[in-house]
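Structure first, commentary second.
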Amino acid sequence: MRLAGAALASLAAALLAWRAGTLTRGGAVAATLVGTAVLAGTGWPGAAALAAFFVSSNLVDRLVAIRHPAPGEAKGSRRDQWQVLANGGPAAVGGLLGVAEPGLGLWVVSASLAAAGADTWATALGATSPHPPRHVLTRTPVPPGTSGGVTLRGTLG
């Protein structure tokens, strides 16, 4: 019954996010799978960490998009299945670990979502920097979006 309840709650949350325009259809399917694994394995504490990541990341993306719209960005701030799995996949693994070892599972869920949130915030806020990013190793200026490029705003984010 725990799995069925987790799946139903995750599906409801994913459908709400899809209707709100924060997930693509594929993103909603992936979010349902991630949410089910997290909720079934770690319960409401894991689900709360997942919700905090998802809500805060979407708020930051939307606030930045209002002030600094990205030209030519086809899907905008809607997350597709690949983005959901990249950010939520490790949390889903943590949820599965939580079935056998609840403490470890919750730790993996929380740590992976903290890392994903930090990356999301850094990317969104770094894009608003008035200065070009610099490569983290060489300190030379690089075009925005270059792997390894950092800005002070992104680092603070």
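Of all non-hydrogen atoms in Phe53 and Thr120, the two that sit nearest each other are CE1-OG1, 4.1 Å. Heavy-atom minimum distance, Ser10 versus Gly35: OG-C, 2.8 Å. Closest of all the heavy-atom pairs between Asn87 and Ala116 is OD1-CB, 3.5 Å. Pairing each heavy atom of Leu39 with each of Trp44, the nearest pair is CD1-CE3, 3.8 Å. In terms of heavy-atom proximity, Thr32 sits nearest to Ala7 at CG2-O, 4.3 Å. When all heavy atoms are compared, the tightest approach of Leu23 to Ala31 is CD1-CB, 3.8 Å.
Counting only heavy atoms from C-beta outward, the side chains of Ser57 and Arg79 approach each other to under 4.5 Å. Using a 4.5 Å heavy-atom threshold, the side chains of Leu50 and Val109 count as separate. Looking at heavy atoms from C-beta onward, Leu156 lies out of side-chain contact with Leu125 at the 4.5 angstrom threshold. Contact check for Phe54 versus Thr22: side-chain heavy atoms found under the 4.5 Å cut-off. Under the 4.5 Å side-chain criterion, counting only non-hydrogen atoms from C-beta, Thr151 is not in contact with Thr155.
For Ser147, the side chain to side chain donor-acceptor pair (under 3.5 Å) test picks out no residue, with sequence neighbours left out.
Side-chain N or O atoms of Arg153 include one that pairs as donor or acceptor with a backbone N or O of Thr128 at under 3.5 Å. For Thr146 (side chain) and Pro143 (main-chain N/O), a donor-acceptor pair under 3.5 Å exists by modelled atom type. Between the side chain of Gln83 and the main chain of Asp80, a donor-acceptor pair closer than 3.5 Å is present. Remark: side-chain polar atoms of Arg2 are paired, donor with acceptor, to backbone N or O of Ala40 under 3.5 angstrom.
Distance check, rounded to the nearest 0.5 Å: CG of Leu15 to CZ of Arg19 gives 9.0 Å. From Thr42, atom OG1 reaches atom CG of Leu97 across 10.5 Å, with rounding to the nearest 0.5 Å.
By the criterion of side-chain heavy atoms lying less than 4.5 angstrom apart, applied directly or through intervening Ile, Leu, Val, Met, Phe, Trp or Tyr residues, Leu113 is grouped together with Val34 in one hydrophobic cluster. Both Trp121 and Val64 are part of a single hydrophobic cluster, where members link through side-chain heavy atoms under 4.5 Å apart.
Remark: Asp61 does not engage Arg78 in a salt bridge, criterion side-chain N to carboxylate O under 4.0 Å.
By the 4.5 Å side-chain criterion applied to Ile, Leu, Val, Met, Phe, Trp and Tyr, Val136 is assigned to a cluster that also includes Leu137, Val150.
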